[in-house]
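In each ligand, atom 1 is the first atom listed, and ligand 1 is the first ligand listed. In this chain, residues are counted from 1 in sequence order. Any value given below was found using the heavy atoms of this structure, including those in side chains, with hydrogens, waters and symmetry copies removed.
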Amino acid sequence: MFAMRLFRKGRSASVQAVAVLAALSLVCAPASFAERTRLKPGFNMYSPQQDVEIGKQVSAQAEKELQMLNDARVDRYLDRLGKRLASKATGEAYPYQFKAVNDMAINAFALPGGFMYVNRGTIEAAQTEGQLAGVMAHEISHVALRHGTNQASKAGLAQSGLGALGIFLGGGGAASTATLIGAGFLANSVLLKYSRDAERQADVLGTQILYDNGYDPRGMSQFFEIISAQSKSGRPPEFFSSHPNPDNRSARVNEEIEKLGGSPGNMRRDSAEFQQIKRYVSSLPKPAAKKPAGSTGGGASGSGSGSVPAPSSTFVAFQNRLVRLNHPDNWQRYGEADAVWFVPEGGAVKNAVAYGAHVSLFEPHDDRYGQITLETATDQLVQELRESNRNMRVAQQHERIRVGGYRGLSTVLSNDSPLGGRETDWLVTVLRPDGLVYFVFVAPDRDFDRYERAFEQVLDSVRFR
Ligand code: ZN
């Protein structure tokens with residue numbers, strides 16, 4: 001998916017300051033001997049109240065898109081266990097709530113403000129309550145440490161204010177804001193893409209939460225190891241697509257247990273209630289086949305290309321303050337002002353763009369005397385894109401190209417597609433008085449050929465204003 005839309009004009013001035021702040025805040029306060037590690041939320045441009053508002057809106061959207069289990073008994077159990085764990089979390093007292101999702105994939109996620117979803121696959125895969133509590137304590141820690149809105153802040157989302165985030169859905173207003181930043185919320189949302197540092201922090205705070213609740217925190221690292229081992233023999237659990245598996249997980253958990261005073265030996269590992277719930281969940285009818293967007297890898301192959309129509313040969317004109325161009329008339333426009341997407345029907349999956357073209361403006365970081373080369377500005381843009389698209393790679397470095405009579409650069413990027421597999425993101429940049437005007441042409445690798453000609457025609461039609 002292409003998180004390009006996150007970049008808005010006018011954010012670059014503070015980018016470096018933000019990066020410094022973020023780096024500082026990731027440093028855990030040094031713990032003196034036998035004292036628990038103290039963790040604090042990092043840089044954040046949202047208030048804790050906004051965490052709750054955003055979480056509430058994205059969760060409403062999530063519940064429409066997910067197959068919820070809707071089983072009062074299971075939800076009650078999760079909610080009770082979760083609230084008990086959350087009562088020992090540090091920081092803001094968020095209104096936590098916990099619900100089960102009717103999905104066999106081993107996954108769980110928590111939105112800002114404490115809206116947590118646990119897949120039935122996680123309940124069925126956990127051997128003990130301690131392991132389930134481990135996953136939940138880890139998720140609670142992401143909420144308490146405000147990692148979601150920290151990521152959003154770092155991505156520059158807050159820069160343009162909440163209101164300006166409605167660009168993608170065009171409707172504006174708070175609802176589309178939340179939809180936007182929750183876009184592709186399972187695998188792709190910036191709210192749920194955690195860094196390895198965030199993972200380590202969530203393990204440490206998770207250890208403390210479990211310990212303070214009387215659970216053996218080793219259940220958490222055990223469970224991550226079990227599912228990681230499973231993944232070596234097949235598809236990686238979805239969990240790791242948003243929670244990168246840090247090294248030495250169990251060692252770090254054990255280290256924290258020592259700081260907390262060591263394992264007292266009578267720590268809780270399991271409960272009869274958990275085993276009953278697990279048996280009960282396993283007995284429920286299996287969910288219908290999963291929607292492709294949340295899945296990883298080749299299984300979804302073809303599901304997009306079949307349903308996304310070929311570009312129409314009839315082109316229509318578009319213009320904004322930056323450019324004039326023509327695009328196939330079966331591509332719909334989204335966005336406004338300087339950031340516009342052109343997307344074929346079915347080309348957006350859970351609001352992440354899998355097929356389409358984008359034109360936008362990037363303000364290069366300040367350079368002395370306002371001098372900056374096209375190459376440097378392009379490198380800065382690519383670097384920023386890669387920061388919000390963890391699996392993005394440069395497939396082909398700059399090549400010179402002419403766009404609307406001006407010198408431009410063509411760069412080919414490769415990224416995860418929201419449809420599974422990889423996508424090609426063809427980036428074209430041109431330096432203009434307002435900043436770096438850039439175009440991105442996106443299609444899954446397997447289907448790029450079918451779209452390439454239309455992409456070239458769009459680019460050939462570009463005139464600068
Ligand atoms: Zn995590």
Mind running salt bridge (charged side-chain N to carboxylate O under 4.0 Å, His left out) on D103 and R120 for me, showing each step along the way? CA-CA 6 Å; D103 188 327; R120 67 181 282 184; over 6 Å; no
At a cut-off of 2.8 Å, list the protein N/O/S atoms near the Zn ion (ligand 1), residue plus atom name. H138 NE2, H142 NE2, E199 OE1, E199 OE2, H243 ND1
Are H243 and F224 an aromatic pair, judged by ring center distance below 6.0 Å? no
So does E35 get a backbone contact from the side chain of K259, meaning a donor-acceptor N/O pair under 3.5 Å? no
Nearest-0.5 Å distance, CD of residue E63 to CG of residue N70: 8.0 Å
CE on M136 to CD on Q131, rounded to 0.5 Å: 14.0 Å
Once ring pair (Phe, Tyr, Trp, His ring centres under 6.0 Å) is applied, do any residues pair with Y451, and if so which ones, sequence neighbours excluded? Y355, F455
